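It should be emphasised that the depicted structure is a prediction, and the values quoted were computed from it without experimental measurement. Values below: all heavy atoms of this structure, side chains included; hydrogens, waters and symmetry mates excluded. Every chain is numbered from 1 and lettered A, B, ... according to where its sequence line falls, protein lines coming before strand lines.
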Amino acid sequence: MLKRLNINYKHLPILVTVGLFILMYIFGSMRYTGFMSSQVFLNLFINNAFLIILAVGMTFVILTGGIDLSVGSVIALTSMVAADLIMNAQLSPWLVIPISLLVGTTLGLINGCIIHFFNIQPFIVTLAGLFLARGLAYLINIESIAITDPFFDFMAKTRIPIGDSFISISVVIALVVVLIGVYLAHYTNFGRTVYAIGGSEQSAVLMGLPVGRTKILIYTFSGFCASLAGLVFTFYMLSGYALHANGMELDVIASVVIGGTLLTGGVGYVAGSVIGVLILGVIQTIIIFEGTLSSWWTKIAIGVLVLAFIVFQRILVVRSNVKKAAGANNVDIKESSPPLKTKSM
Amino acid sequence: GGESEKSSGENGGSDSTETDSGGSDSSGDKGGDSEKLVIGFSQVGAESEWRTANTKSMKAAIEDAGHELKFSDAQQKQENQIKAIRSFIAQKVDAIVFSPVVETGFETVLQEAKDAGIPVFLSDRAVDIEDDSLWATFLGSDFVEEGRKAARWMVEEYKDEEGPINIVELQGTVGSAPAIDRKEGFEEVISEYPEKFKIIKSQTGEFTRSKGKEVMEAFLKSDGENIDVLYSHNDDMAIGAIQAIEEYGLKPAEDIKIIGVDAVRGAFEAMADGKMNVTVECNPLTGPQMVELIEAHLAGEKIEKRVSVEEGIYTMDQAEELLPTRKY
Amino acid sequence: MIKSRLFWPILVLVLILLLNLFFDPGFFSVEVRGGHLTGSLIDILNRGAPLILIAIGMTLVIATAGIDLSVGSVVAMAGAMAAFVVSKPGLSDDSLVPLFTALALAIGLSVVAGMWNGLLVSRIGVQPIVATLILMVAGRGIAQLITNGQILTIYYEPYSFVGGGYLLMLPFSIFIVAAVLALALFLTRKTSIGLFIESVGSNPEASRLTGLNSKNILLMVYIFSGFCAGIGGIILSSNVSAADGNNAGLWFELDAILAVVIGGTSLMGGKFHLMGTVIGALIIQSLTTTIYSIGIPPEVNLVVKAVVVLIVCLLQSPEFRKKVLGGLKSKANRDAKGVA
Amino acid sequence: MSAKTPMLRMDGINKVFPGVKALTNVNFRLFPGEVHALMGENGAGKSTLVKVLTGVYASDGGTVTLEGKPIQITTPLEAQEFGISTVYQEVNLCPNLSVAENIFVGREPRKRGRIDWKEINRRAEELLSTRLNLNIDVTRELDSYSVAIQQMIAIARSLNVSAKVLILDEPTSSLDTNEVEQLFAVIRKLKSEGLAIVFISHFLDQIYEISDRITVLRNGNWIGEYMTKELPRLELVSKMIGKELDVLAEASSNKRIFKGGESFLQADQVYKKGKIQPFDLNMNRGEIVGLAGLLGSGRSELARLLFGADKSDGGTIKINGKKVSLNSPKQAITNGIAFSSENRKTEGIIGDLSIRENMILAIQGVKGWFRYIPRKKQNEIVDEYIKLLNINPPNPEQLIKNLSGGNQQKVLLARWLITNPELLILDEPTRGIDVGAKAEIQKLMLSLSEKGMSILFISAELEEILRTCQRIAVLRDHEKVSELENDNGITQQDIMKEMAGGM
Ligand SMILES: Nc1ncnc2c1ncn2[C@@H]1O[C@H](COP(=O)(O)OP(=O)(O)OP(=O)(O)O)[C@@H](O)[C@H]1O
Ligand SMILES: Nc1ncnc2c1ncn2[C@@H]1O[C@H](COP(=O)(O)OP(=O)(O)OP(=O)(O)O)[C@@H](O)[C@H]1O
Ligand SMILES: [Mg+2]
Ligand SMILES: [Mg+2]
């Protein structure tokens, strides 16, 4: 059946994930009035635009078997730098935006260089990055800085109508980043090297791939995404604050992993991570719509929903893998299925 | 690693003994209490006892008034709070109450609420937005004033003594509004006596008991007997610090004077035991007052933009007597 | 000596302690006060006890190429559970029954929590980071459910002994740490468990084909991690005589992982070093204490921490020593030669 | 030929690993249009020399000149840029990428700036089928194929560049005769195009068939460079091992047939969908049974079912007449079965552990968590096997990942011998093992079977099978097609006919 649909078995986990996402959405729609509106759906994107951007960068990092813990703090630092430059230094947004984007990119570059040249575990390097970025944000200002700049206002408040509903400019930015991410992952040398490193770093070196350069680029890219997400977050909040996005790195990592990427590297899709973000978003929306949970039941409910999702995902994926293995012999082994990864979603 | 995420700490206010009095609010009668309202309430989290008491009060008041509550806990994250407000708008609630995690950053979503015609009520913390048409009113307290109060008590306490008086300060979570404001208010007052009062150490205890204890231990190790006063941004840290002082072998409240903020039950117990000198009050039980404000506003009455509440200050000698009446 | 894996971490630890000495000449002194030994060094051990315990459990989990994010929540749960039992008013200090009930329930709960993680990872095959993330979120909810969102204050003296009492003039928590460390060392050195853990962490498929039951090994390490976190939670709550469902053990998971990595264990699994972890935890704790006592403004805490973490790791990296320190040395040599 | 100037020279190469002097003053010359064989025992330093040349390891002294210019290569990437293409000893490809991608990654064909996937798949298919005669689905992931196929893919990758130097480090270790012939055809063609080729193998036949020149290493030392035609086999062997020893003659004289004892294991209609059709197999005590078949015929699959490494979908297995369920390796091991996988890198060695730990792992697994073998006892056992199998370096605390390929294989063999199994399944156990050791292992197998152990032996070398086995089961297309008694009448040709589809 799968063959007839022209679906590659490699895409199964992601299909399962999408399916479960839709199921969850239907569940919410049946249970709560107002859940089914298109705006609630679009809000998933509006509210999570920065997470989507972070997830794209993080997917690349995790695909190489690494991790980047500094992204949440980089958001805080970027928002702080942007707010400080706009409000206190009175710079033009056209200067502020590139400078802010450089913040995370530079930090990412430094992370990547330390990881590569001194062969230190990414976890610890980026953990130091986490401390450092937030610490620097505190040094700029420990109070939050509200931004009242026409350009930022425009970015924050412009609504792009879609039917009766709307999305924000940030959503467009996020979607563009996703497209770039997909393109990078599947249609460039760089992207394929990322997958190769994740499959076996040692082999990638021996195959003569530019492993070091790619690893440094990965962390730079993740840092860039974090800064871009920081800007989007700044549009979202219209303020800079050292405590922004505290602990967000875990949300991102969770989204990426829920979206089907293996932490050990080599397996996963950018699009999967986006769905991972949306799934966490739906879980949160369901809980808000439920509206009767006390603080602690909220936490327990999040745990239970994530659990239910993960377990279903595992069971469905394992089942279909068994079927796939069993079916393989009936189909002629040599028959080619549609090219892998070409239709990268 | 990392920071505690309690950007809000504690606050609120009004006289604890008459919780639903409400300073200058103009709620008056209950606007005919006919309709059943749907009220969305976005709380910061449940990071402290104070916060839990605040949540309970709000829930009870809304339910007692016969309205429907949509409650959402933001787990101390501003982005969650914005999401919650958006979904309140999607659910077309009649009014939104929220305790902002941070002062800034709510402009866009409040604009959305305004466009949807839903009034927004701020609880216990203001927002820093120029356009004040975005919210109906703010009911809450003034952290800077709390800091001033703490300092004034101290100045009074030491008025007969010679300086220098050495103070150590346990700050709240770095960057959180209560921490910043309580520090500011306190410093503002003591800056009038630059020779006499000196803050010799100031470090964050992240509003928690265990950190309060740990930091105080370190203070005692390095400055020991020199410390005269402990100013703690909340009672919990003060209680932790009291333990550290006792373990170090000094007498809390005697060798080191202890000032807390919040007036939670634990502080009263400590004061009743003679281990703490004073606590500046911050009352979380603002639910009934908030409900009155909402009803009044929806009934078309004009209400003040800022309804602040009087804050008390309690000392050791009052503790014994008041302890049984404390609800949180 | 320099070859030893522990050399660099120990060097950093010593440097941090010496830094303290510079600010406080009496830093190393240990004196008898009120019948027990006190002093900064003992304080660091005492205060660091929960972190050391949790990091010990974490070491074994990481050795299997896993990770346990739920330890902080388990700390809160265990503390809440114990406090739930002993915070009832009117407990007599003479009866030890409540103490043991509390300890049993708290440890029981954390073992169950660990088992839950272990089952998700080993039987259902969920990636460790997500599997334990579930309890990381929900566990705090459970802790607050137990305490009903309050900070439970404990007035029952025997319980306070666990984390605040003294035995043979030393804080009791130090003995607990020693006991758990000894247990861990015993299990990993005197039984085959250590070998199996390293084997599963290094190459799970080959281990399976060698007849190791990797599922049970995974289950075991998560249970042990839960157990360690539970004891850590008891010490923490007992030390402040209170249980705070929301804040107890917040961010412990990061510190514990940091300690493990500083101690020389790789997050990719395989070889692990328990003593290295202990040193790592001590570095983190001394750093914290140092920051508090030498009066660093709180805004700068994180920057200092970042710098120290980086220095430790750079020093441990052979590549760094070769490229940078070695570079300096050879440059110095060259210069010397040039002069001559 | 000697009139030519060498294309590549390595002079006075040294390489030291902590505790091991892997190369001492080694010289190497490579001429265009020649196949140069690098010979030496396991651990002699062949792979290390290759890795120094291609920049995987930094050398500790010595010079490299390419076409007269001294060069310095610090990464495999640079080596490639200098036109040196390499197939390393262990399969070094990415298991998560498709076959086609493994061949092209790093130099993908592009169309309008982006990777042209259609083209990649087409060219990969073409390359495999025309040059190596391998028709497989190139869009499947690499790790769905057996080691032998992976080896072919690695070769295909190395052929897919216009190189000046091609290095093949034991490319044939698990290929059978047909595949080797394919490969040799390709090598001859490249040679005629003027490529310089380094070829490493432990198969003397292959060396004499394909090479023009031989460099011998022993213990990291350079022994000499010879023209293949001028160096008789026995002399080559004695140069490699450093003493006059007629191992080959000794080994072949070992061919003895034992009559098996009573039945130990009976498999009845065991199968796994998509992997192997229902088969019957009877293993008697003290009997060596060989499994023969072409690449991917299902030999490894059959073995894995008997060991519980994969779960069977049906059929029964009896041990000593009693029905048992073999659902996990652990159950198989407790039933007295041992299995040494063909894929030593991913399914065999535990890289982070020492030789000692790798060796005792299986027996310790049987004993469980609390009956830990005391360290002293461990050392005794390990020393015994290091001596028995002549493992080099003989240091039990050396990490296994630092051993040469052949020595790793010996450690794995020791791991299973220590458990003293009743049935030993060996999937390509002699892969990458030098001539001397191979003979030793064959001898060992014979003596074990004499003591009553039954052995299931999988090998791509029919000669080896014929020499040691009493019965030979032949597989074709995932199905057991026949079983031959190895009496004196049977020849390699007979088996090959069966394998290819009984003509
Ligand atoms: N990374 C390493 N660290 C330490 N020792 C090493 C390392 N790599 C190789 N060696 C040692 O160097 C010596 C040469 O190994 P090498 O792999 O070159 O042998 P080889 O000739 O290729 O053997 P084989 O025929 O078994 O493949 C061996 O003694 C081996 O143990
Ligand atoms: N020539 C081939 N064409 C298609 N698939 C193959 C081929 N060779 C191997 N495979 C795949 O590889 C899997 C492994 O085969 P298996 O390991 O059982 O073969 P084998 O007889 O042991 O051969 P080898 O000598 O390669 O180890 C098979 O299930 C099959 O799907
Ligand atoms: Mg080799
Ligand atoms: Mg095989």
Inset, instruction - Against chain A, label D/Val105 side chain, backbone, both or neither, depending on which of its atoms sit under 4.5 Å from a heavy atom there. - result: both

Legend entry - Nearest-0.5 Å distance that lies between atom CD in A/Glu201 and atom CG in A/Leu209: 11.0 Å

Legend entry - Contact origin within D/Asn102 toward chain A - heavy atom pairs under 4.5 Å: both

Legend entry - D/Asp169 vs D/Ser47, side-chain hydrogen bond (donor to acceptor under 3.5 Å, both in side chains): CA-CA, chis, key distance, verdict: CA-CA 7 Å; D/Asp169 190 352; D/Ser47 303; 2.8 Å; yes

Inset, instruction - Take D/Thr74 and D/Glu78 through the side-chain hydrogen bond (donor to acceptor under 3.5 Å, both in side chains) test and state the conclusion after the steps. - result: CA-CA 7 Å; D/Thr74 54; D/Glu78 283 174 29; 2.8 Å; yes

Legend entry - Per-residue contact mode, D/Lys311 against chain A (heavy atom under 4.5 angstrom): neither

Legend entry - Electrostatic pair D/Arg122:D/Glu119 at N-O distance under 4.0 angstrom: yes

